[in-house]
Amino acid sequence: MAIGSQIRMTTGHKVGELAAATGLTVRTLHHYEEVGLLVAPGRTATGHRVYDDTDVERLYRICLLKRLGLPLGEISRALDDPAWDIKAALQAHLAEVERRLEVGNRLRGRLARLASSGVPAEEPPTQDLLALLEEMRMLDTNVQRRISVLVYRDMESAFDFLINVFGLGPGELTRDDMGRVVHGEIQAGDGVIWLHNETDEFGLKSPLTVGACTGMIAVIVGDVDAHFRDSSERGARIRYEPVDQDYGYREYGAFDNEGLLWSFMKPLD
């Protein structure tokens with residue numbers, strides 16, 4: 001018997017079970033369904049989402065790709081890649097876990113030796129302490145990716161401008177229950193840019209509000225002059241035309257619709 005467009009299921013993995021196993025919230029899993037990333041194929045008799053074994057594998061892939069720093073838009077595309085190999089992914093995951101275990105075991109052994117050596121407190125073993133610090137750093141999660149966050153008074157208008165005028169890749173807009181935009185993502189080559197609303201709590205203001213631009217975003221493009229022509233034709237307010245800079249880049253500058261300065265550049269040959 002179907003509930004809406006979904007099947008009533010008596011077996012499978014309930015949404016709460018998946019949330020508990022992954023550390024994700026039920027709300028996050030609901031959001032994954034809203035954006036088409038992980039859609040529960042069925043419901044219980046009381047209407048709760050139920051997932052099958054295929055969904056569990058897909059969720060593993062989602063979590064693995066998120067650990068690599070990919071935004072949801074790129075994860076969605078990667079999930080549909082026919083070249084995906086679960087065995088290769090598991091082997092890569094295993095290699096990373098084994099690396100961390102190896103570092104952890106070295107750290108444990110060094111700590112055990114120092115703790116049992118009876119070294120006087122007034123004579124700290126400097127080299128050993130330096131080695132401990134290095135191994136602690138290696139055990140920490142490595143910085144994997146940077147995410148730029150830009151503040152806008154009208155996030156939805158900025159989202160449209162950045163895509164339609166500057167030609168950045170469309171990501172997604174997240175709305176709350178009232179339909180208000182609360183988060184935005186834009187793709188910029190190998191990186192992602194998050195869009196954020198103005199907020200008094202953190203003192204975040206758009207250049208449009210403060211009347212000044214206190215920073216800028218630089219984006220590498222394949223052809224600076226072609227990008228300049230395209231954005232100019234689409235209505236970008238140009239700050240300076242393409243020019244070869246002494247620091248080895250050809251670039252031009254343009255303001256977005258709320259006054260943030262963008263630089264589009266390419267290294268000189």
Side-chain angles (χ1 to χ4, degrees), residues 1-101 104 140-145 147 149 155-156 159 169-187 190-197:
M1 177 179 178
I3 300 178
S5 62
Q6 294 182 308
I7 301 171
R8 178 173 292 175
M9 297 172 61
T10 58
T11 60
H13 311 277
K14 297 180 180 177
V15 65
E17 296 172 352
L18 285 189
T22 60
L24 300 171
T25 65
V26 171
R27 182 182 179 87
T28 296
L29 293 174
H30 288 179
H31 177 64
Y32 285 177
E33 180 160 323
E34 290 172 2
V35 299
L37 199 59
L38 183 70
V39 179
R43 294 284 195 274
T44 65
T46 54
H48 295 292
R49 290 168 172 79
V50 181
Y51 302 83
D52 59 24
D53 292 341
T54 302
D55 300 313
V56 173
E57 178 186 336
R58 186 176 178 88
L59 184 58
Y60 168 76
R61 294 168 63 187
I62 292 170
C63 293
L64 190 59
L65 292 169
K66 279 184 66 67
R67 286 178 62 87
L68 297 176
L70 294 182
L72 295 185
E74 290 186 25
I75 289 175
S76 180
R77 288 188 287 273
L79 290 174
D80 297 326
D81 185 355
W84 166 266
D85 183 351
I86 183 64
K87 184 175 181 180
L90 288 169
Q91 289 174 338
H93 196 177
L94 175 61
E96 172 60 16
V97 171
E98 288 179 339
R99 182 195 70 81
R100 292 178 63 82
L101 286 174
D140 289 339
T141 301
N142 292 328
V143 175
Q144 297 177 339
R145 196 175 192 183
I147 297 178
V149 180
M155 195 191 307
E156 189 164 4
F159 181 87
E172 62 178 340
L173 286 176
T174 303
R175 302 177 186 272
D176 61 16
D177 295 338
M178 302 296 291
R180 295 170 298 198
V181 177
V182 295
H183 175 74
E185 292 185 8
I186 293 288
Q187 305 299 319
D190 66 340
V192 61
I193 296 173
W194 286 4
L195 310 185
H196 199 292
N197 281 317

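- Once rounded to the nearest 0.5 Å, the distance linking NE2 of His13 with CG of Asp55 reads 8.5 Å.
- Under the 4.5 Å side-chain criterion, counting only non-hydrogen atoms from C-beta, Ile186 is not in contact with Val192.
- A donor-acceptor pair under 3.5 Å is formed between the side chain of Arg58 and the backbone N or O of Leu37.
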Can Leu38 and Tyr51 be said to form a side chain to side chain contact (heavy atoms under 4.5 Å, CB included), step by step?
CA-CA 9 Å; Leu38 183 70; Tyr51 302 83; 3.9 Å; yes
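- Under the side chain to side chain donor-acceptor pair (under 3.5 Å) criterion, Thr174 pairs with no residue at all, not counting sequence neighbours.
- Applying the salt bridge (charged side-chain N to carboxylate O under 4.0 Å, His left out) test to Asp177 and every residue at least two apart in sequence or in another chain returns nothing.
- The side chain to side chain contact (heavy atoms under 4.5 Å, CB included) check on Ala20 picks up nothing, with sequence neighbours excluded.
- At a threshold of 4.5 Å between non-hydrogen side-chain atoms, the residues Arg43 and Arg49 count as touching.
- Here the side chains of Leu29 and Leu59 are in contact, with some heavy-atom distance below 4.5 Å.
- Partners of His183 according to the side chain to side chain donor-acceptor pair (under 3.5 Å) rule, which considers only residues two or more places apart in sequence or in another chain, are Glu185.
- Side-chain contact between Pro41 and Val50: absent, with no pair of heavy atoms (C-beta onward) separated by less than 4.5 Å.
- Using a 4.5 Å cut-off on side-chain heavy atoms (C-beta onward), His31 and Val35 make contact.
- For Val181, the side chain to side chain contact (heavy atoms under 4.5 Å, CB included) criterion is met by Met155, Glu156, Leu173, Arg175, not counting sequence neighbours.
- Under the rule for a ring pair (Phe, Tyr, Trp, His ring centres under 6.0 Å), His30 has no partner lying at least two apart in sequence or in another chain.
- Judged purely by atom type and a 3.5 angstrom limit, Glu33 uses its side chain to pair as donor or acceptor with the backbone of Ala40.
- Glu34 meets the salt bridge (charged side-chain N to carboxylate O under 4.0 Å, His left out) test with no other residue; sequence neighbours excluded.
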